[in-house]
J.: 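Take a look at the following structure, please.
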Amino acid sequence: MIEHLELFFKAVFIDNMVFAVFLGMCSYLAVSKKVTTAVGLGAAVIFVLAITVPLNWLLDQYLLQPGALVWLGPEFADYDLGFLSFIMFIATIATMVQLVEIIVEKFSPSLYNSLGIFLPLIAVNCAILGGSLFMQSREIESLGLALNYGISSGIGWFLAILAIAAIREKIRYSSVPPALRGLGITFIITGLMGIGFLSFGGMLTGGDEEAAPVKETEATIEKVEKKGVKDELANNTKTLN
Amino acid sequence: MAILSKKDTKLITDPLADNNPITIQVLGICSALAITADLKASLVMGIAVLFVMGVGNVVISLLRNLIPSKIRIIVQLIVVASLVIVVDQFLKAYAFELSKTLSVFIGLIITNCIIMGRFEAFALANGPYRSFLDGIGNALGYAVILILVGFFRELLGAGTLFGIPVLGDPIEKTGLFSTGYENNGFMLMPPMALIIVGLIIWVQRSRNKELIED
């Protein structure tokens, strides 16, 4: 239970999709002029992430990871299809988005009317693919955690687009320097909000003297390194054999 | 530029300034900003996108009459994904350290809106040669902004360029540091990338009043 809670807070606040890793910025900037449309897109992102991340987790676990094919028989133990993950993930996402669109249109026309126009946009939203890729590189352990990660990073994205849309609605009444109007000021505000979100960094460590976000990146790098070493070892043993 | 006609030259030069994919078309910001903390990663990202866009635009343009319009997004994604796998495997083989720093962001080139955007807007309606030029032009425009941001962030944040100290040694207090100058570690934090892009937009739009939004 505690790990679910930890993952939730981490994905929503500390590693916020928009403010910490800049994912889904294109639609974030393009669809944040009005709060109502922002809410629609945000909800669609949560929805799609909640479906695609667990699905890609299954794919990763039983198809793509080194040794994942072992369920087919012992002779498949040293197959590594990891290089296929991009194409598998994006194909899953594109088909799922299409499928969700069809199903929602059939069974809930009212939901379709509010989400519908955003669904095709979502297939190319980096936050969705990013969710799956981070799920893979952070080595999330179980299907439940993967589902949790999908939903909570979606909520983080939702929060971000909601906040910026509200600010942009208000900022129309302020006198921004002409050359900064529109895009420029949105970038700078997002930057400032990002600085604000940095302060969530100490949330899970109890505010140690060291800034937590730095540790965070170090930890991920270390993890990636470890994985790399593992891969290297696997390759070496393969050549030896 | 004798090889290129005037119209073709425009395809390359336009995206570098007045029709820049990042600052004007607002495409491809997604995977770009997180990796600009140092110049080398920015440069490699720029080159990777250049390759994917150049080749991808040609492929899509060659296939444009064969792709049913209903499933074109999936086809485009598959083409980009295959090209990105090539780039990813290449980096893993020849620049392993770098591919670790770029981690998932190479993969995210797939959903880089700049690529899909140019496929939709240009390659689906034009011949392979012009599409190639358009791809190269837009990727260069993208790379220019990336390199600019990477330059300032690395210079002000770490006092180095491509990892080589240019402002002196902060510990030994040589060069500029002997005058009491300090590195601004904050420049290496992710939010600063956004603020620098915001400033670049500000400078660009102040110089060219036509680009101002209302």
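Computed from heavy atoms alone, side chains included, the values below leave out hydrogens, waters and symmetry copies. Per chain, numbering begins at 1; letters A, B, ... match sequence-line order.
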J.: If you compare all heavy atoms of B:Ala81 against all heavy atoms of A:Ile87, which two are closest, and at what distance to 0.1 Å?
T.: CB-CG1, 3.7 Å

J.: Let me confirm one number: the CD1-CZ distance from B:Ile106 to A:Phe86, rounded to the nearest 0.5 Å.
T.: 7.5 Å

J.: In terms of heavy-atom pairs under 4.5 Å with chain B, which of A:Thr95, A:Leu133, A:Thr186, A:Ile189 leads?
T.: A:Leu133

J.: Heavy-atom distance under 4.5 Å to chain B: side chain of A:Leu192, backbone, both or neither?
T.: both

J.: Just verifying a value: how many Å separate B:Ile201 CD1 and A:Ile185 CD1, rounded to the nearest 0.5 Å?
T.: 10.5 Å

J.: Minimum heavy-atom separation for A:Ile188 to B:Gly198, with atom names?
T.: CG1-CA, 4.0 Å

J.: Do you know which two heavy atoms are closest between B:Pro190 and A:Phe19, and how far apart they sit?
T.: CB-O, 4.3 Å

J.: Heavy atoms only, distances under 4.5 angstrom: which of A:Leu29, A:Thr190, A:Leu84, A:Leu180 has the most pairs with chain B? Name it, please.
T.: A:Leu180

J.: List the atom of A:Ala179, the atom of B:Ser206, and the distance in Å for their closest heavy-atom pair.
T.: CB-OG, 3.4 Å

J.: Give me the atom names and distance for the closest heavy-atom approach of A:Ala94 to B:Leu77.
T.: CB-CD1, 3.9 Å

J.: Look at atom CZ of B:Phe90 and say whether more than 12 heavy atoms of other residues, nucleotides or ligands are closer to it than 6.0 Å.
T.: no

J.: For A:Arg181 and B:Arg205, work out which heavy atoms get closest and say how close.
T.: O-NH1, 3.8 Å

